[in-house]
2 protein chains.
Amino acid sequence: MKKSDKHQKILNAAIKVFGQKGFFNARISDIAKEADVADGTIYLYFNNKYDILLTLFEEEIGKLITEIRAAISQKSDQREMLYIFALHHLRLVIEKKELAEVLQMELRQSGESIKEYRRTKFADYVNIISEIIRTGQENNIIRRDLKPGIIKRAFFGALDEMSRLWILNPSHKYTVEESAEAISDIFLNGIVAD
Amino acid sequence: MKKSDKHQKILNAAIKVFGQKGFFNARISDIAKEADVADGTIYLYFNNKYDILLTLFEEEIGKLITEIRAAISQKSDQREMLYIFALHHLRLVIEKKELAEVLQMELRQSGESIKEYRRTKFADYVNIISEIIRTGQENNIIRRDLKPGIIKRAFFGALDEMSRLWILNPSHKYTVEESAEAISDIFLNGIVAD
DNA sequence: AGCATAAATGAATGGATATTCATTTGATAT
DNA sequence: ATATCAAATGAATATCCATTCATTTATGCT
């Protein structure tokens, strides 16, 4: 068994346990049991409990960024790109429920390292949106009087709140496609009649 | 000193301490010191640490709902109402920073009581938005093909993410009015050029 | 096989802190 | 002034759990 195997095995267990109980209520022994290793083994791969959480952010968000960039690069119209971003983001919640829960919950926690984290790696993820907006403005597809920084927040926030609905109440009232479409439609066209 | 005085005093201390350190890192003795009472006194007013948090949600969100309803009832156009909602919500972050931090952080935590909480009292707050939307649709001001449930999420999520920016990075790049205007503008008119 | 090194184990430790409760302090009435 | 009751105190308790490390088990090399 390669070293990386056990590293990932523990991380996957942590995603599951953190997702279910939250970071503070999760015990190291829970993660150990889930990963099928001894408690002490975890400390051969991670410095402490908090380090597990940070590593999890680092590596898993990295994967998300890669995936979503690949999907977006297929499109040339910025309006479509926004839809694709929404679709991918919302799909994550369905397909990797526990990871989504961890990100939802723990990325909001106080604590300097987490705040720092949001400012760097996580910001990279959200900044994909503002890049799309900026390019759209250059191409005259998107209104130039709006600040990309605000649109980015608003669009991401909308998706994030939608995710929360599903996480709290897994009986999907709306489908992923429907939601992604509705949200990009609202942003592109607004809600005012006529 | 009336009973209610000390009750509120402890609650205010809790808002401050939870806001700064988060629920799990806050010690009862921190709250006691901040409220200027003995540790044991807290247990005369609350059953346990968690009860402080739940009471805090219950009472403070109740106040918010009352305030925001009062402000909205001054307007008759649903477009203006949305702006007012945004303005009030964002002002909260500036004027009651610690409370906003607590709500941001802890309302996301796992734990059944908190999830339950979001489904009830907090939902009442957010549902003010869907009421506005529904009335707007009846008055033909807002597109009828959009589901109020989705608009509500999207609009609230946008505001919530904006709040988060300020909480994490208190150097306000945008003013409250500017942000409230930009966000309601985006929702009302969309971001597409022309 | 026998040695050496690395990986894994899990019981024991130590530190933290929510909660309790015996005692003190303050208020009210007679 | 004294008795009675309520409110407040804060040191002591009990529990919980992250982390350590002496010991065991697995792996690789000659």
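Every chain is numbered from 1 and lettered A, B, ... according to where its sequence line falls, protein lines coming before strand lines. As the structure is a computational prediction, the values presented were derived from the model and not from experiment.
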Review point. Any sub-3.5 Å donor-acceptor pair from H88(B)'s side-chain atoms to A86(B)'s backbone N or O?
Key: no
Point to revise | Stepwise side-chain hydrogen bond (donor to acceptor under 3.5 Å, both in side chains) test for N127(A) and E131(A) | key: CA-CA 6 Å; N127(A) 280 336; E131(A) 282 175 35; over 6 Å; no
Review point. Which nucleotide, dA8(D), dT19(C), dA18(D), lies nearest any side-chain atom of K49(A)?
Key: dA18(D)
Study note, to complete from the structure: Whole-Å distance, D51(A) CG to dA18(D) P, equals 15 Å
Review point. Is the backbone N or O of L53(A) less than 3.5 Å from a side-chain atom of E106(A), with the two atoms forming a donor-acceptor pair by type?
Key: no
Point to revise | Side chain R118(B), main chain I114(B), donor-acceptor under 3.5 Å | key: no
**Study point:** Length of the CZ-P vector between F46(B) and dT20(C), whole Å
**Key:** 15 Å
Exercise for review: Could you state the atom-to-atom distance from CG of N48(A) to C1' of dC17(D) in whole Å?
Suggested key: 14 Å
What nitrogen or oxygen pairs link the protein and nucleotides 14-16 of chain C at under 3.5 Å?
none

Point to revise | Phosphate-side-chain proximity, Y45(B) and dA8(D), N/O vs OP1/OP2 below 4.0 Å | key: yes
Practice item. Check step by step if side chain to side chain contact (heavy atoms under 4.5 Å, CB included) holds for Q8(A) and E59(A). Key: CA-CA 10 Å; Q8(A) 191 61 48; E59(A) 302 188 356; 4.2 Å; yes
Revision key, fill the gap. So the salt bridge (charged side-chain N to carboxylate O under 4.0 Å, His left out) pairs with at least one residue in residues 31-57 of chain A (sequence neighbours excluded) are K16(A)-E34(A)
Point to revise | Under 3.5 Å side-chain donor-acceptor pair for Q104(A) and R164(A) | key: yes
Check nucleotides 9-13 of chain D against the protein and report each pair of N or O atoms closer than 3.5 Å, with its distance, or say if there are none.
from    : atom 1 : to     : atom 2 : distance (Å)
dT9(D)  : OP2    : A38(B) : N      : 2.9
dT9(D)  : OP2    : T41(B) : OG1    : 2.4
dG10(D) : N7     : G40(B) : N      : 3.3

Check your understanding: Is the closest side-chain donor-acceptor distance between E178(A) and H172(A) under 3.5 Å?
Key -> no
